[in-house]
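Side chains are part of it too, since the values below use all heavy atoms of this structure and drop only hydrogens, waters and symmetry mates. Residue numbers begin at 1 in each chain, while the letters A, B, ... track the order of the sequences. Please read all numbers here as calculations on a predicted model, not as lab measurements.
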2 protein chains.
Amino acid sequence: MKFVVINKKCTADWLQCLQDNGYRLTAPRQAVVEIVASSQRVLNPLEVFGLARESYPRLGLVTVYRTIEKLEELGLLQRVHQPSGCQGFVAAFSGHQHLLICRECGQVEYFTGDQVTIEDLVTNVEKKSGYFVQEHWLQLFGVCADCQTESLT
Amino acid sequence: MKFVVINKKCTADWLQCLQDNGYRLTAPRQAVVEIVASSQRVLNPLEVFGLARESYPRLGLVTVYRTIEKLEELGLLQRVHQPSGCQGFVAAFSGHQHLLICRECGQVEYFTGDQVTIEDLVTNVEKKSGYFVQEHWLQLFGVCADCQTESLT
DNA sequence: TTTTATGCAAAGTATTTGCACGGGA
DNA sequence: TCCCGTGCAAATACTTTGCATAAAA
């Protein structure tokens with residue numbers, strides 16, 4: 001069991017990444033990146049809008065959507081699907097789809113699997129993180145045998 | 001590793017369950033339940049609407065939403081969150097949040113965990129199901145240590 | 001100077017609500 | 001008969017698109 005520590009200082013890196021990919025460095029983008037890159041909580045577009053407008057009041061909600069979209073494409077942000085909704089985003093870690101999410105405050109931790117059953121894994125995560133785990137989702141996405149055959153023709 | 005066989009004949013059971021919970025047995029509800037109870041695919045409200053209208057053309061989309069809502073409350077249906085969207089539903093199995101979903105056709109299988117790592121589990125599922133697994137999500141939902149403390153006060 | 005990015009307004013989607021009518025129990 | 005359920009229409013919420021202006025490179 002391993003927990004990943006969220007890097008709190010990645011704002012500059014993210015802005016650099018945007019620039020390296022041909023996107024311009026603008027004040028509205030900086031305001032949005034500042035919020036989402038340093039958050040340890042799941043945030044939805046409206047929350048990002050509210051927070052980022054504190055530092056850049058002229059910000060439009062549309063720009064928040066467009067910036068989030070770009071950050072997701074670049075693999076910096078990932079969407080979080082929760083029982084309560086699917087509009088949330090957190091900083092992405094390469095290949096990490098293992099999230100531990102607090103339903104009260106939205107805080108997110110990342111973890112990697114271990115040599116145990118799902119039940120044991122949940123117990124381990126609880127012990128090491130201090131969380132009380134109420135629910136878990138394990139979902140695999142792929143192509144079924146029939147559809148694999150079909151795509152050959 | 002164990003796969004759960006979807007019961008194809010649960011329409012009557014579901015209608016019974018609705019009635020047992022004080023809901024009336026109506027033609028529109030029967031049409032909707034017939035579709036969702038017997039489907040092995042993930043269906044969204046609009047798809048259910050289209051299919052159920054074949055047997056009951058006067059059906060309204062609103063009724064589909066309202067029926068799905070009730071079935072979800074009763075634990076008969078569960079929402080499926082996919083990279084492509086979160087409007088899908090499939091028959092729920094008590095406690096089963098382990099889904100194997102085909103991205104091509106939407107077919108769903110249920111499985112239970114085993115004494116292996118996530119990587120091994122994915123490999124096992126592939127072998128036994130014939131799926132090619134492209135992506136997996138493992139998400140735990142609960143309450144973090146801080147929020148547990150707060151809720152005591 | 002050239003091209004991208006922005007914010008507003010409008011258009012799309014998806015879902016929910018209000019309400020009078022119709023049908024189950 | 002009584003009350004819940006229905007479908008229509010309208011309202012709401014969320015997200016995307018068109019476009020003229022503003023700003024980055």
Side-chain angles (χ1 to χ4, degrees), chain A residues 12 14-36 42-74 77-89, chain B residues 12 14-36 42-74 77-89:
Chain A
W14 287 29
L15 292 173
Q16 187 62 53
C17 183
L18 279 168
Q19 214 162 18
D20 293 346
N21 283 273
Y23 296 115
R24 291 181 181 175
L25 213 52
T26 66
R29 273 183 192 158
Q30 286 187 43
V32 171
V33 169
E34 237 160 58
I35 295 302
V36 292
V42 176
L43 297 175
N44 65 39
L46 213 58
E47 289 172 322
V48 173
F49 180 58
L51 292 167
R53 228 168 19 163
E54 289 175 13
S55 67
Y56 187 78
R58 293 175 49 197
L59 182 67
L61 179 57
V62 182
T63 299
V64 173
Y65 276 102
R66 288 195 273 226
T67 305
I68 285 177
E69 185 184 44
K70 281 170 185 59
L71 295 173
E72 206 184 357
E73 279 168 16
L74 296 174
L77 269 188
Q78 72 175 128
R79 190 178 286 268
V80 177
H81 300 261
Q82 296 180 271
S84 56
C86 309
Q87 303 80 37
F89 291 87
Chain B
W14 287 28
L15 292 172
Q16 188 61 54
C17 183
L18 280 168
Q19 213 162 20
D20 292 346
N21 283 273
Y23 296 115
R24 291 183 180 171
L25 213 52
T26 67
R29 272 181 192 158
Q30 288 187 42
V32 171
V33 169
E34 237 160 58
I35 296 303
V36 292
V42 176
L43 296 175
N44 65 39
L46 213 57
E47 289 172 323
V48 174
F49 179 58
L51 292 167
R53 225 165 24 158
E54 289 176 13
S55 66
Y56 187 78
R58 293 175 49 196
L59 182 67
L61 180 55
V62 183
T63 298
V64 174
Y65 277 103
R66 290 195 273 228
T67 305
I68 285 176
E69 185 183 45
K70 281 169 185 58
L71 295 173
E72 206 183 359
E73 279 169 16
L74 296 174
L77 268 188
Q78 72 175 128
R79 190 179 285 268
V80 177
H81 300 261
Q82 297 179 270
S84 55
C86 308
Q87 303 82 36
F89 291 88

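- Between A:Gly22 and B:Cys86, the one whose closest nucleotide on DNA chain C sits nearer the 5' end is A:Gly22.
- In terms of phosphate contacts, A:Arg29 brings a side-chain nitrogen or oxygen within less than 4.0 Å of OP1 or OP2 of C:dT6.
- Residue B:Arg24 places none of its side-chain N or O atoms closer than 4.0 Å to OP1 or OP2 of C:dG23.
- B:Pro45 and B:Leu61 make their closest contact through O-CD1, 4.1 Å (heavy atoms, listed as atom of the first residue, atom of the second, distance).
- Rounded to a whole Å, the CG atom of A:Leu18 is 13 Å from the C1' atom of C:dT4.
- Across B:Thr63 and B:Pro28, no two heavy atoms sit closer than the pair CG2-CB, 3.9 Å.
- Nucleotide C:dC8 holds its C1' atom 13 Å from the CZ atom of A:Arg53, rounded to whole Å.
- The heavy-atom pair separating B:Phe49 from B:Gly60 by the smallest distance is CE1-C, 3.5 Å.
- Residue contacts for B:Leu59: at a heavy-atom cut-off of 4.0 Å it reaches the sugar-phosphate backbone alone, with no base atom in range.
- For B:Tyr23, the side-chain atoms get nearest to D:dG5 when compared with the rest of C:dT15, D:dG5, C:dG7.
- Here B:Thr26 does not reach the OP1 or OP2 of D:dG5: none of its side-chain N or O atoms lies under 4.0 Å away.
- Distances from the side chain of A:Gln19 to the nucleotides D:dA9, D:dG5, D:dA25 place D:dA25 closest.
- In this structure, the CD atom of A:Glu47 is 16 Å from the P atom of D:dA13, given to the nearest Å.
- Between B:Gln87 and B:Leu25, the residue anchored closer to the 5' end of DNA chain C is B:Gln87, taking for each the nucleotide with the nearest heavy atom.
- When rounded to the nearest whole Å, the span between CD of A:Gln30 and P of D:dA23 equals 15 Å.
- Between B:Tyr65 and C:dT15 there is a side-chain N or O to OP1 or OP2 distance below 4.0 Å.
- When the C1' atom of C:dT15 is taken as reference, atom NZ of B:Lys70 falls 14 Å away, rounded to whole Å.
- For B:Asn44 and C:dA14, the CG to P distance is 8 Å, given to the nearest whole Å.
- Here the side chain of A:Glu34 pairs no donor or acceptor atom with the backbone of A:Ala31 at under 3.5 angstrom.
- For the pair A:Ile68 CD1 and C:dA5 P, the interatomic distance rounds to 16 Å; values are reported in whole Å.
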Return all side-chain donor-acceptor pairs below 3.5 angstrom for residues 20-27 of chain A, not counting sequence neighbours, or 'none' if the list is empty.
| unit_1 | atom_1 | unit_2 | atom_2 | d |
| --- | --- | --- | --- | --- |
| A:Asp20 | OD1 | A:Gln16 | NE2 | 2.9 |
| A:Asn21 | ND2 | A:Cys17 | O | 2.7 |
| A:Thr26 | OG1 | A:Arg29 | N | 3.3 |

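- When heavy atoms are screened at a 4.0 angstrom cut-off, A:Arg66 is found touching base atoms of the nucleic acid.
- The distance between atom CD of A:Glu69 and atom C1' of D:dT16, rounded to the nearest whole Å, is 9 Å.
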